[in-house]
Amino acid sequence: MKAAGRSARTWLRDHLAASDPGLLRLTAGLRTVGAIALTLAVLASAGFDVTRLVAGAMAAMVATFAIRERRRGAQALTLAAGLPVALVSVSLGAVLSERVVVGDAFFVVLIFAAVYGRRFGDRGTALGLIGFQVYFVSLFVGASAAQLPGLWAALAVAFACSALVRFAVVPVTPAGLLLRLRTAFRARLGRLVSAQLALLDAGPDEADKALEDMREGTARLHETALMIQSRLEEGTPDEPTARLVQRRIADAEIAAERLGLLLLSARSAQRADTLTLHLPGAPAPEVGRLPGPDEATAVLRRDLLALRALVVRTGAGGTGVAQVRNRLLGYRDEENLPVATPAVRDVFRAVGETARAVMGLRVALEGPQDESDDSPATARSREELDAEDAAIDAGEETEAAEPPKGLRRPTTRAAVQVSVGSTLAIVGGELLSAHRWYWAVLTCWIVFINTASTGEILVKGYRRLLGTVFGVVAGILLAALVGRHTWTAFLLVLVLIFAMFYTAPLSYTLMSFFVTAMLGLLYTLLHTYSWEVLVLRVEETALGAACGVVAAALVLPVNTDRRTNELLVTVLERLAEVTEAAVGQLSGGPAGDLLDKARELDQALGDLRAATQPLTHPVTPLRARRTTARYVVALLETCAYHARSLAATAELLPTHPSIAADPRLRGAAGRTVRNIVTIADRVADEDVTVPVETGPSIASLLGGDGTARYGRITDRVLRHLERLDEAVVGLARPLAVPVKTPGR
């Protein structure tokens, strides 16, 4: 029974870790609900009325979600500075509520200052958010000057409770968060191996589903790797440790992705392109039984199960675990590979390389391991890892690019846009309702948060309106259910707030649904609930979204094409930098900071992926553009995978016995780098007519057919260079770049 209980707890923990990396959503929900519940308990015990209870609850919510700094000291300073900002804001809201013109003018100024404050980092963003939201709270509860002492007390209690929950009840340290993210990476890596197992056993009718699961698992593993990399500096004791963990995370991710690709290639009649793993909805290649003897398939299934066990296991392990690890690492030696076709033997090699990456990751995260049962192959792998660890040093700092100035600065432009949109929303909102006009302003404000183009604002406004419509229906049902039962309503409010924060990163529509349903309950508590009020909420939301779109389209507009083109150029520039630096190092050049370059490429690609959402949204009427955008992003992800793999291989150069520099690589890969630069120039300036070059394969440029070696350059380097070259040429067609073929 105890073993079953531990197994269930382990399964639940791994499931939560895989679905919510670092438990970030769970933590956000628990912190917010805890702060609100504690605030309500303190205020209720002190005899505060419902109006102040609602104000305190909303202030506690704002004080909790507005703070985004990662270090606890910085969080405490921002929270302390936020209280006087909140007190001033609620006071001005109460005093100016009866002075319509002056109050509206001040609200617009406050909105401009709050958005402009983002240029000062997380603290400026948080203080601006607190100022705006607390002013909104004063309007929502109908605050007056006579009520200010009670509201000040409620706000003070709310901020104190938020601090108590943040630092004592639900504390999060950088090291603890990094530990949970590492657990999430392990869980998602285990799920990816499970998806690869399913692909191994999938029949022809199940291949598409198995491939989609593997594609999703690969994307989620990469997402978690990026989250870990963004928090390494705060969560590790020093920079060398951070770089070591970053290196091992990248190794494990690349090895697992390569294993899946080779498995897919072994099961298909034709070569499986890396693009297949990155293009959503791409059909699986025709698959049949794994070629070769059935014994090889059974052994591969056994070894994939063993690899998954190595990934997800916790604790010190034992002799059995050591024997499994030794067997898998033995596949890195040719003499230990089973009798099978070359494609299947490649899969076994990939299993061995993935097992090595898992061992390296475990050593980096948990420290030295028991080596008493090591086989010669395992001992050799440990020696390689130790040599690689010793070769990692701090690297050089790069100069930050000078930010744009004036109206070209994103924060300035957004502040002007949202101020104009809010002015329109105030005018239109007051025409709809003299008492609820602020809903239009709130929507206009929200659609500008974390958006940078007109298309992004349009999609966000649409999602908010859709969630609001369904939330109104839920609000009606919940209000009828709770009636005048105050504490039942507050309990449901807490449930809805938790759901709101837990689902916010997943679906903006769901978040808007829970917000609107919660507001129906708050209106019930304030005895201002009616069908008309909730319908007005929908009307004001639609108006606010429309005002935001109009302001974004007419005032200092950044259209989606311009935004995506700028980000696309950045991705291509980062891709060229990583490729050139990796090839330079593989050619015998000086060592560079490849880890940071690869990370910058991943970050730029993530920004581009987010910016293309308006183009790939299901409701977009431009179907051809949606297909093109998805195809281009998938090709870029394919390029990034091969560039990361080249960078990882280049960093092995000083320590790996089977890799040595080959000076011919620089010349052979020069065409690929030139093509990347050509495409970037074309995207930045349509008048550029320089064509992309095609020609002989990379292997032939090295003076052979792909089997000859100079300086023992491995097959893997050649394959990555070949696939990268093909993917870059493939980018030319959707981006309307001319292609020059030999002899023309």
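Salt-bridge formation is not detected for the pair K597/E600: no Lys NZ or Arg NE/NH1/NH2 atom is positioned less than 4.0 Å from an Asp or Glu carboxylate oxygen. Using a 4.0 Å cut-off between charged nitrogen and carboxylate oxygen, D122 and R70 do not count as a salt-bridge pair. Ion pairing between R248 and D251 holds under the 4.0 Å rule for side-chain N and carboxylate O. Contact check on E580 versus R666 returns no salt bridge, with no Lys/Arg side-chain nitrogen under 4.0 Å from an Asp/Glu carboxylate oxygen.
The only option from H642, R671, E693 that meets the side chain to side chain contact (heavy atoms under 4.5 Å, CB included) definition with D725 turns out to be R671.
For the residue pair G730 and Y631, the shortest heavy atom distance occurs at O-CE2, 4.3 Å. Between T224 and P21, the closest heavy-atom pair is OG1-CG, 4.0 Å. The two residues T638 and A727 come nearest to each other via the heavy atoms CG2-CB, 4.3 Å. Minimum interatomic distance between A611 and T564 (heavy atoms only, all atoms of both residues): O-CG2, 3.7 Å. When all heavy atoms are compared, the tightest approach of A357 to A252 is CB-CA, 3.7 Å. Minimum interatomic distance between L594 and A582 (heavy atoms only, all atoms of both residues): CD2-N, 3.7 Å.
Not a single salt bridge (Lys or Arg N to Asp or Glu O under 4.0 Å) links R682 to another residue, sequence neighbours left out. Residues meeting the salt bridge (Lys or Arg N to Asp or Glu O under 4.0 Å) test with R733, sequence neighbours left out: none. Shown here are the side-chain hydrogen bond (donor to acceptor under 3.5 Å, both in side chains) partners of E257, two or more places apart in sequence or in another chain: H278. Every residue meeting the ring pair (Phe, Tyr, Trp, His ring centres under 6.0 Å) condition with Y331, not counting sequence neighbours, appears here in chain and number order: F348. When the side-chain contact (heavy atoms from CB on, under 4.5 Å) test is applied to R118, the partners found at least two apart in sequence or on another chain are V115, T125, T411, I449. Taking R562 as the reference, E566 meet the salt bridge (Lys or Arg N to Asp or Glu O under 4.0 Å) condition, with sequence neighbours excluded.
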Worked verdict on R220 versus E223 for salt bridge (charged side-chain N to carboxylate O under 4.0 Å, His left out): CA-CA 5 Å; R220 289 193 170 189; E223 172 196 9; 5.4 Å; no
Residue pair L735, T628: steps toward the side chain to side chain contact (heavy atoms under 4.5 Å, CB included) verdict: CA-CA 9 Å; L735 296 177; T628 299; over 6 Å; no
Walk me through whether R332 and R356 qualify under side chain to side chain contact (heavy atoms under 4.5 Å, CB included). CA-CA 9 Å; R332 302 183 67 225; R356 177 190 184 274; 3.3 Å; yes
Using the rule given for side chain to side chain contact (heavy atoms under 4.5 Å, CB included), can you reason through R188 versus L192, listing the C-alpha separation, both sets of side-chain angles and the distance that settles it, and then say yes or no? CA-CA 6 Å; R188 285 192 167 181; L192 178 55; over 6 Å; no
Test side chain to side chain contact (heavy atoms under 4.5 Å, CB included) applied to V549 and V447, step by step: CA-CA 9 Å; V549 172; V447 297; over 6 Å; no
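R574 CZ to Q603 CD: the interatomic distance, rounded to the nearest 0.5 Å, is 9.5 Å. Rounding to the nearest 0.5 Å gives a distance of 6.5 Å between CG of L572 and CG of L731. Atom OG of residue S645 and atom CD1 of residue I254 lie 4.5 Å apart, to the nearest 0.5 angstrom. Taken to the nearest 0.5 Å, the CG atom of L259 stands 7.0 Å off from the CG atom of L307. Between R258 atom CZ and S265 atom OG the span is 10.5 Å, to the nearest 0.5 Å. Here the CG-CG distance, from L263 to L197, works out to 8.5 Å after rounding to the nearest 0.5 Å.
Side-chain contact check for D213 versus K209: some heavy-atom pair is nearer than 4.5 Å. Looking at heavy atoms from C-beta onward, V690 lies out of side-chain contact with D681 at the 4.5 angstrom threshold. Residues L721 and V583 are in side-chain contact: their nearest non-hydrogen atoms beyond the backbone lie under 4.5 Å apart. For the pair L200 and V347, the minimum side-chain heavy-atom distance is 4.5 Å or more. Contact annotation: the side chain of P691 never approaches that of V739 to less than 4.5 Å [non-hydrogen atoms, C-beta and beyond]. The shortest distance between side-chain heavy atoms of R644 and D602 falls below 4.5 Å. Between R186 and V311, some side-chain heavy-atom pair lies under the 4.5 Å cut-off.
Panel note: side chain R231, backbone P174; no donor-acceptor pair is recorded below 3.5 Å. In terms of modelled atom types and a separation under 3.5 Å, the side chain of R609 and the main chain of V633 share no donor-acceptor contact. With hydrogens and angles ignored, the 3.5 Å screen pairs a side-chain donor or acceptor of R599 with a backbone N or O of Q229. Looking only at distances, a side-chain donor or acceptor of Q585 sits under 3.5 Å from a matching main-chain atom of A650.
The ring of Y641 has its center closer than 6.0 angstrom to the ring center of H720.
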